[in-house]
Amino acid sequence: MRNDSALDIRWPAKFNEIPKEVFHRADVYRLELERIFHGPEWHPVAHVAEIPARGDLKTGYVGAVPVLIVHGDDSVVRVFQNSCAHRGTQLKTCARGKADKIECPYHRWTYNNRGELIGVPGQGDFPRDFRKEDYGLRVLRSGEVCGLIFVTLSDEAPPLADYLDNTAEHIARAMGGDGRLKLLGYQKVAFAANWKEYSDNEGYHGPLLHAAFRMLKFAQADGAQFMTPHAHKVNSATLAVPEPSFIEDGSVVEGRDPKLPPHNIIVSLFPVTIITRNLDVISVRYATPISPDETEVHYAYFAHADDDAALVQHRIRQASNLIGPSGFISLEDGAVFNRLHVGSASDGTVAFQKGVRGPIVAPYALDKGDEAGNLIRWEHYRQAMGFARD
Ligand code: FES
Ligand SMILES: [Fe+2]
């Protein structure tokens with residue numbers, strides 16, 4: 001089969017095997033930026049609750065490209081390339097901020113918060129045909145689902161609704177039912193692992209690696225998992241209230257949201273964003289690959305707009321104890337991601353087994369505790385990268 005990637009990757013004929021070199025090679029990483037992160041995929045970059053007022057802004061990245069998400073004074077949320085239209089200087093370096101105007105520090109070109117160029121020092125010495133209207137900030141193609149703002153760098157990405165397959169209803173379920181949220185805060189962590197090791201997290205390891213999932217009886221819970229044609233994964237399970245002997249202060253793991261009983265909903269969008277509802281914790285995990293060996297993840301936590309003060313306090317307490325880099329549920333993941341990365345620095349392949357009964361084609365339903373669904377992500381990856389199978 002033709003290999004159109006120009007890289008000498010040999011993809012195993014066995015459909016459940018992945019070559020280890022894709023987790024380490026710098027040339028593979030560069031091609032991933034080009035074909036996946038800068039290619040025809042959509043990436044969540046903010047929720048409107050992170051920029052609720054006119055003039056609010058947030059920065060982020062799509063692969064290596066810096067982006068600026070701005071709530072304009074005309075109430076329109078736009079995603080710009082975070083780069084001056086003059087010589088390309090990064091305009092904003094703050095994580096979040098507020099701006100009526102956006103001024104570039106280098107030569108003081110100034111934009112309004114709709115991205116229009118409104119001020120240019122020394123314009124009298126510019127070419128006579130220079131027009132400010134031609135030098136607005138570059139607006140990227142964006143869309144919104146349940147308040148979550150997605151962006152793509154490619155004109156070839158399908159319409160957002162098609163791209164998301166049928167995950168939108170699950171995104172809504174995870175995000176308080178209707179996406180009317182209030183930002184609580186962030187936890188940010190850099191994992192010493194490749195982005196694919198981070199995003200290969202699955203249901204198989206849940207109750208085996210994490211004591212917290214044993215406590216919440218994940219293995220015994222009702223649940224389901226399915227994969228969609230665009231390689232998104234939805235894993236949903238009803239959790240059990242833990243036995244008192246398991247944890248001294250059981251209030252940390254109570255489910256108090258009257259609209260949704262104790263639940264675990266994980267929507268893993270290709271390539272790296274994960275939207276979760278773990279008990280009463282509503283979170284979006286924005287992930288950015290930094291290099292083949294490092295992945296930065298920003299956990300944004302939310303309350304629902306209708307919550308009373310007590311429920312907000314409960315969500316904050318549960319968020320900081322349960323999820324994120326030091327939470328009961330995900331504390332161990334960071335260590336394992338790094339050990340995966342160290343351990344995979346050798347020849348050969350890794351293999352998925354749990355739930356594998358033959359070649360897997362989306363849409364596909366599987367047990368919540370299976371790892372086989374990730375093979376659909378890998379097949380999507382292999383095709384996007386142009387790697388031919390042996
Ligand atoms: S690079 Fe921004 S004003 Fe010159
Ligand atoms: Fe995990």
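Both ligands and their constituent atoms are indexed starting at 1 by order of listing. No hydrogens, no waters, no symmetry mates; every other heavy atom, side chains included, goes into these values.
In summary, no N, O or S atom of His107 is located under 2.8 Å from atom 2 (Fe) of ligand 1. Put simply, His86 stays out of reach of atom 2 (Fe) of ligand 1, with no N, O or S atom under 2.8 Å from it. For the Fe ion (ligand 2), the N/O/S atoms of Asp333 include one lying under 2.8 Å.
Checked against the 6.0 Å centroid criterion, the rings of His86 and Tyr106 do not qualify as a close aromatic pair. The six-membered or imidazole ring of Tyr135 lies near that of Phe130, with a centre-to-centre distance under 6.0 Å. The aromatic ring centroids of His232 and Tyr163 lie less than 6.0 Å from each other.
Proximity to Arg87 (heavy-atom distance under 4.0 Å) selects the following atoms of ligand 1: 1 (S). Within ligand 1, the atoms closer than 4.0 Å to a non-hydrogen atom of Thr89 are 1 (S), numbered from 1 in the order shown. Using a 4.0 Å cut-off to heavy atoms of Cys104, the atoms of ligand 1 that qualify are 1 (S), 2 (Fe), 3 (S). Taking every non-hydrogen atom of Trp109 and a distance limit under 4.0 Å, the qualifying atoms of ligand 1 come out as 3 (S).
Taking a cutoff of 4.0 Å between a charged side-chain nitrogen and a carboxylate oxygen, Asp390 and Arg10 qualify as a salt bridge.
Panel note: side chain His43, backbone Phe37; a donor-acceptor pair is recorded below 3.5 Å.
Centred on the Fe ion (ligand 2), the angle running from His210 (NE2) to His205 (NE2) is recorded as 90°, rounding to 10°.
Each of Tyr286, Phe191, Phe23 was compared with Tyr198 under the ring-ring contact (aromatic ring centres under 6.0 Å, His included) criterion, and only Phe191 meets it.
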